[in-house]
Amino acid sequence: MLDQRLVRENPKLIARELSRRGIEVDVITLQKIAQQQRDIQEERSNLQAVGKQIGKEVGQKIQMGLDPKSNEVTELRLRGNEIKAKVANLEEREKTISSNLKEKLLGLPNLPSKECPNGKNEKDNQEIRFWGNPRKEKNLKEHWEIGQQLELFDTERSAKISQSRFVTLINQGARLERALINFMLDLHVAKGYKEVLPPVLVNTASLTGSGQLPKFAEESFQCSDDDLWLTPTAEVPVTSLHRDEIIPFNQLPLRYVAYSPCFRREAGSYGRDTRGLIRLHQFNKVELYWFVHPKESKASHLQLTNDAEAVLQALELPYRVIDLCTGDLGFSASRTFDLEVWLPAANTYREISSCSICDAFQARRSSIRTKEGQNTQLIHTLNGSGLAVGRTMAALLENGQRSDGSVDIPKALVPYFGASQLKPK
RNA sequence: GGAGAGGUGGCCGAGCGGUCGAAGGCGCAGCACUGGAAAUGCUGUAUAGGGGCAACUCUAUCGAGGGUUCGAAUCCCUCCCUCUCCGCCA
């Protein structure tokens, strides 16, 4: 959420920055609403001060022994009633206006950072760096073909259990998924991350706090009988881990690594990535999440990205790092580095981690602050996958495949998986 | 699901219609004392939003929302949450 003070004092800046994202907002109306809200608030609190004073006087007079039925007291009571009516009226207007303002503000995305390159869509994203040597031979198999041959997973039967876009992992496939999750968690914990395993049913306040609601309700699965949703990413519960808290400055940064299954409706992606493990309604992900002091957030963003990259490097998977342009930025982010892993069969790089800095955007929605002396301020939040597990498996299968039908398991993963190869039966 | 108890500041805990943002304690910070520390003493110590260059000041907040009242942490209603016992259950 954007700062209301900024809305009042510098709406043009908001308009300019949001237009970098390709969003045009009527900031003048917004400013008017914000100003109106503050004016009414001021009038109301001044009236309340008078009412409070009358209340005190009545109390004093009665305690001094004046008859509560006397004209003097009755007159004060009548004045009190008058003010009460006026205050009630103002309160109602104030409520309407501020909920209207809040609704509008909750629907606006974060402002892109200065460093974020301008652009319209993914074509304007910038390549920052490459790692590894991508395999370029022809006739490499797609991962779902490998999966079928080695009996690692079953998507057809999963449609029977659930719908399309679900998978059942089988045999070595299930074992590999489990190995990957443990491997990633251990890698991050060794770097000082605190491991958490959060609930995956989250309430509306949590989804609003991290930015998924109110705008993207159609992207999440909702439990109709409760105020609960299936989380689309561990980012949601981990943000709310510290919702409505003040974190002492000397405890920052807080760095969490959270494994969770993730649930996404993938509305509007009909026909895209219909095969394999790339786009599922349910997938596993290990998420990195930092709560940091504002002055350290930019450096932390680079560090978090490096920590996510370390997984790909340890698994010997070639990748590139992309600096997302303003038009391709997610709702809460002010800048994002995407890690894209090499998928040789498709001869392309695919997103496997999205490392974002959200500045105070989520912190303001979630009311997460830090305090140094008397100075209380919003913290900054950062998140990134480390990594999306299903896509990692897809990349491992495609990159590790051999002409005899087996797949090499990267050395770092062997202790977790228990074998150095996946072999056909 | 049934029965009962309860939700007050960072924590514990008092207040149960009047000047209460809230006693007391713990914790924390500063100062004094000390060679240094402990102990002790003094002072300070919530959040949000307004106004003011500032000192400071106004309003709201005692789980949430409504109600009664000139006045509510205190009374009434609804909801949420926590705890104990019983039932069910991995």
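Below, chain A is the first sequence line, B the second, and so on; all start at residue 1.
Taking atom P in both B:A73 and B:G18, the straight-line distance is 11 Å, to the nearest Å. Here the separation of B:C11 from B:G17, taken at their C1' atoms, is 29 Å to the nearest Å. Annotation: B:A38 and B:G24 have their C1' atoms spaced 25 Å apart (nearest Å). A distance of about 12 Å separates the P atoms of B:G15 and B:C75, rounded to the whole Å. B:G21 sits 11 Å from B:U8 when the C1' atoms are compared, rounded to a whole Å. Nucleotides B:G4 and B:C20 are separated by 32 Å at their C1' atoms, to the nearest Å. On the P atoms, B:G66 is 14 Å away from B:A72, given to the nearest whole Å. Here the separation of B:G6 from B:A90, taken at their C1' atoms, is 29 Å to the nearest Å.
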Criterion salt bridge (charged side-chain N to carboxylate O under 4.0 Å, His left out) on A:Arg79 and A:Glu82, from CA distance to verdict: CA-CA 5 Å; A:Arg79 272 184 62 207; A:Glu82 251 172 61; over 6 Å; no
Starting from the C-alpha separation in whole Å, work towards a yes-or-no answer on salt bridge (charged side-chain N to carboxylate O under 4.0 Å, His left out) for A:Glu72 and A:Lys61. CA-CA 9 Å; A:Glu72 207 178 333; A:Lys61 296 224 152 106; 3.2 Å; yes
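Atom NZ in A:Lys52 sits roughly 10 Å away from atom P in B:A72 (whole-Å rounding). Between the NZ atom of A:Lys371 and the P atom of B:C28 there is a distance of 15 Å, rounded to whole Å.
More than 12 heavy atoms of other residues, nucleotides or ligands sit less than 6.0 Å from atom NZ of A:Lys191.
With 3.5 Å as the limit, one finds a donor-acceptor pair spanning the side chains of A:Thr381 and A:Gln362.
Checking B:U68 for Watson-Crick or G-U wobble geometry (two distances, each under 3.5 Å) identifies no partner in any strand. With a 3.5 Å ceiling on both atom-pair distances, the Watson-Crick or G-U wobble partner of B:G41 is B:C31. Shown here, B:G21 forms no base pair; nothing in the strands shown gives a Watson-Crick or G-U wobble contact with both key distances under 3.5 Å. Pair check for B:C16 finds none; no Watson-Crick or G-U wobble contact set falls under 3.5 Å. Across all strands shown, the partner of B:C81 is B:G6, judged by Watson-Crick or G-U wobble contacts whose two distances both fall under 3.5 Å. Base pairing analysis places B:U61 opposite B:A46; the two distances defining the Watson-Crick or G-U wobble pair are each below 3.5 Å. Across the strands present, B:G36 finds no partner; the criterion is a Watson-Crick or G-U wobble pair with both atom distances under 3.5 angstrom. Pairing of B:G87, defined by two Watson-Crick or G-U wobble distances under 3.5 Å, is not identified with any nucleotide.
Relative orientation of the A:Tyr256 and A:Phe291 rings is perpendicular, given thresholds of 30° and 60° on the angle between their planes.
Of the inter-residue distances, the one linking A:Asn71 atom CG with A:Leu76 atom CG reads 11.0 Å to the nearest 0.5 angstrom.
Using a 4.0 Å heavy-atom cutoff across all strands shown, A:Arg44 reaches sugar-phosphate atoms only and no base atom.
Checked against B:A60, B:C58, B:G18, the side chain of A:Asn46 finds its nearest nucleotide in B:C58. Distances from the side chain of A:Lys84 to the nucleotides B:G71, B:U59, B:G51 place B:G71 closest. For A:Gln41, the side-chain atoms get nearest to B:G49 when compared with the rest of B:G49, B:C70, B:U19. Relative to the side chain of A:Arg38, the nucleotides B:C58, B:A60, B:G51 differ in distance, and B:G51 lies closest.
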